[in-house]
Amino acid sequence: MNKFQIFVAVCAVGFIIFGIQRGEIEIIFKKAARICMECIGLG
């Protein structure tokens, strides 16, 4: 891996942790469940 790839990987992990700390994971799971229900015709 070159330096740019390592930098991008570190940034990605940082943004994931930042999103989890802001409570966005709950929002993502709610949206995912709603979309899944719509796909199978229950929503």
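No experiment lies behind these values; they were computed from the predicted model shown.
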**Message:** Does E26 have more than 12 heavy atoms from other residues, nucleotides or ligands lying within 6.0 Å of its CD?
**Reply:** no
**Prompt:** Atom CD1 of I40 and atom CD1 of I35: how far apart are they, to the nearest 0.5 Å?
**Reply:** 13.0 Å
**Request:** Starting from the C-alpha separation in whole Å, work towards a yes-or-no answer on side-chain contact (heavy atoms from CB on, under 4.5 Å) for Q5 and V8.
**Result:** CA-CA 5 Å; Q5 289 173 322; V8 171; 5.8 Å; no
